[in-house]
> 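I'd like to ask you about the structure that follows.
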Amino acid sequence: MALNGNHSELPQVLVLLPPGCFTFLESNYSHKFNFLKAWDSPLPQDQFLATHAGSVQALLSSANGPTITANILQMLPSLKVIVTTSAGLDHVDLAECRSRGVAIASTPKIFTEDVADMAVGLLLDVMRKISAGDRYVRDGLWATRGDYALGSKIGGKRVGIVGLGNIGLEVAKRLEAFGCNILYNSRTEKPFVSYPFYSDISELAANSDALVICCALTAETHHMINKKVLLALGRDGVIVNIGRGAVIDEKEMVRCLVKGEIGGAGLDVFEDEPEVPQELFALDNVVLSPHYATYTSECFMALCELVAGNFEAFFSNKPLLSPAVDN
């Protein structure tokens, strides 16, 4: 299919809800693709999909958009590829895609370094009380109340990494430079690393001063960090999550933080985004981030280029640039 020509003749890309990079994609690639904007149509979504059901072969998706359910896929019988702006695939019905022969392209390595940086930043922030100290100064309390509370040293701490994939390995590399001792849990033991492996998450937590959640959200990892794990982490333990919110049982985590049963948390993701439990707002041992770990200008540009490249490859009958491992 030609990638140039009149707008009506361009390859069609269905977009149910615009991802964060869509404005850039549209302004830079509208000469190559005809973006069908379902959210901008006066038609209800099912009617919009029915209108384009016979022609749409490609769909742009994101973790923050609607889940690509079996019902949506059934309404798009001509669909051949889903390109997602996310590294994770928990927002796509993978089984239905397999049965329909729908290929998936994701972004497995684009975010790795930036997300790892954010994980380390959140851990540093919580343990050294950087954001809390900033508020203390801004509120004028340094002058009236004196020195702020002591933080905790990073070096020498035992950090348990949950999910030693691309991001987890980068987190480990960075924390080793701080003098941390790395332990980990993953679906399988990694023979190429020297870090101690724990098959039991609670045992990992009990032997860690901090847990960093780097794993994907699946049926198996949903609420994997539960009350038992949190209590094993203990009163001085810190938890950092740059994976997905629902890997942690959020209600139990909030309860543990409020009761002082764990020492603190650095959270970039939440169970019901953008909703965040209000109990966390008053806690100085909690650092909150708006699912922002991937948001750097460098990462943004690389993401847009990869997304457009995957669509170009598909419409040119070439292999996808970043096919999802599990599709």
Side-chain angles (χ1 to χ4, degrees), residues 118-139 141 145-154 156-163 171 175 180-181 183-185 198 200-215 217 220-293:
M118 177 64 88
V120 174
L122 287 170
L123 182 61
L124 279 167
D125 197 334
V126 175
M127 297 189 75
R128 294 302 308 271
K129 303 182 185 296
I130 297 171
S131 291
D134 176 81
R135 288 191 296 272
Y136 192 75
V137 174
R138 290 176 187 272
D139 290 344
L141 299 178
R145 296 185 185 178
D147 292 341
Y148 191 58
L150 294 174
S152 180
K153 183 178 179 177
I154 301 297
K157 291 296 187 291
R158 302 165 301 165
V159 180
I161 297 178
V162 181
V171 171
L175 290 177
C180 295
N181 299 306
L183 313 78
Y184 77 101
N185 166 273
Y198 289 80
D200 184 88
I201 298 287
S202 294
E203 188 179 352
L204 175 69
N207 285 278
S208 299
D209 300 302
L211 284 182
V212 181
I213 311 303
C214 301
C215 63
L217 176 61
E220 291 73 28
T221 63
H222 182 269
H223 283 190
M224 180 170 66
I225 309 301
N226 54 26
K227 179 179 181 179
K228 180 182 177 182
V229 175
L230 293 166
L231 293 179
L233 182 60
R235 299 181 65 85
D236 296 321
V238 169
I239 192 160
V240 169
N241 192 3
I242 46 81
R244 285 288 186 268
V247 173
I248 300 176
D249 184 334
E250 192 169 81
K251 289 183 180 179
E252 281 298 333
M253 178 188 65
V254 169
R255 187 193 64 79
C256 287
L257 285 164
V258 170
K259 290 193 170 187
E261 292 175 341
I262 60 174
L267 307 170
D268 185 54
V269 290
F270 305 88
E271 277 208 63
D272 188 25
E273 297 176 2
E275 301 299 321
V276 177
Q278 292 194 358
E279 298 95 322
L280 299 178
F281 297 167
L283 301 177
D284 273 343
N285 60 339
V286 176
V287 178
L288 306 172
S289 172
H291 202 150
Y292 205 66

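Starting from 1, each residue takes its place in the sequence as its number.
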> Any idea which heavy atoms bring Ile248 and His223 closest together, and the distance?
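Looking at all heavy atoms of both residues, the closest pair is O-CD2, 3.5 Å.
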> Can you see which heavy atom on Val212 is nearest to which on Ala119, and at what distance?
CG1-CB, 4.0 Å
> Do Phe270 and Leu288 come close enough that some side-chain heavy atom pair is under 4.5 Å?
yes
> Donor-acceptor pairs under 3.5 Å, side chain of residues 202-209 to any protein atom, not counting sequence neighbours: which ones?
from, atom 1, to, atom 2, distance (Å)
Asn207, ND2, Glu203, O, 2.8
Ser208, OG, Gly160, N, 3.4
Ser208, OG, Leu204, O, 2.7
Asp209, OD1, Arg158, NH2, 3.2
Asp209, OD2, Arg158, N, 2.8
Asp209, OD2, Arg158, NE, 3.3

> Calculate, to the nearest 0.5 Å, the distance between atoms NE2 and CD1 belonging to His291 and Ile242 respectively.
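CD1 of Ile242 is found 9.5 Å from NE2 of His291.
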> When you look at CG of Asp236, are more than 12 heavy atoms from neighbouring residues, nucleotides or ligands closer to it than 6.0 Å?
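12 or below, so no.
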> Closest approach of Gly263 and Asn285, non-hydrogen atoms and distance?
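That would be O-ND2, 3.0 Å.
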> Does the side chain of Val276 reach to within under 4.5 Å of the side chain of Leu267, using non-hydrogen atoms?
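Heavy-atom side-chain distance check fails, nothing below 4.5 Å.
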> Once you round to the nearest 0.5 Å, how far does CG of Asn241 lie from CD1 of Ile225?
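Asn241 CG to Ile225 CD1: 8.5 Å, rounded to 0.5 Å.
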> Just to verify, which of Leu211, Ile239, Leu231 counts as forming a side-chain contact (heavy atoms from CB on, under 4.5 Å) with Ile262?
Ile239
> Within this structure, what is the NZ-CG distance for the pair Lys228 and Leu233, rounded to the nearest 0.5 Å?
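Separation between the atoms: 14.5 Å.
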> So how far is it from Leu230 CG to Ile201 CD1, rounded to the nearest 0.5 Å?
11.5 Å
> Could you name each residue pair satisfying salt bridge (Lys or Arg N to Asp or Glu O under 4.0 Å) that touches residues 237-261, not counting sequence neighbours?
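Found Asp90-Arg244, Glu252-Arg255, Arg255-Glu261.
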> Can you tell me if CZ on Arg135 sees more than 12 non-hydrogen neighbours from other groups inside 6.0 Å?
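Check passes, neighbour count above 12.
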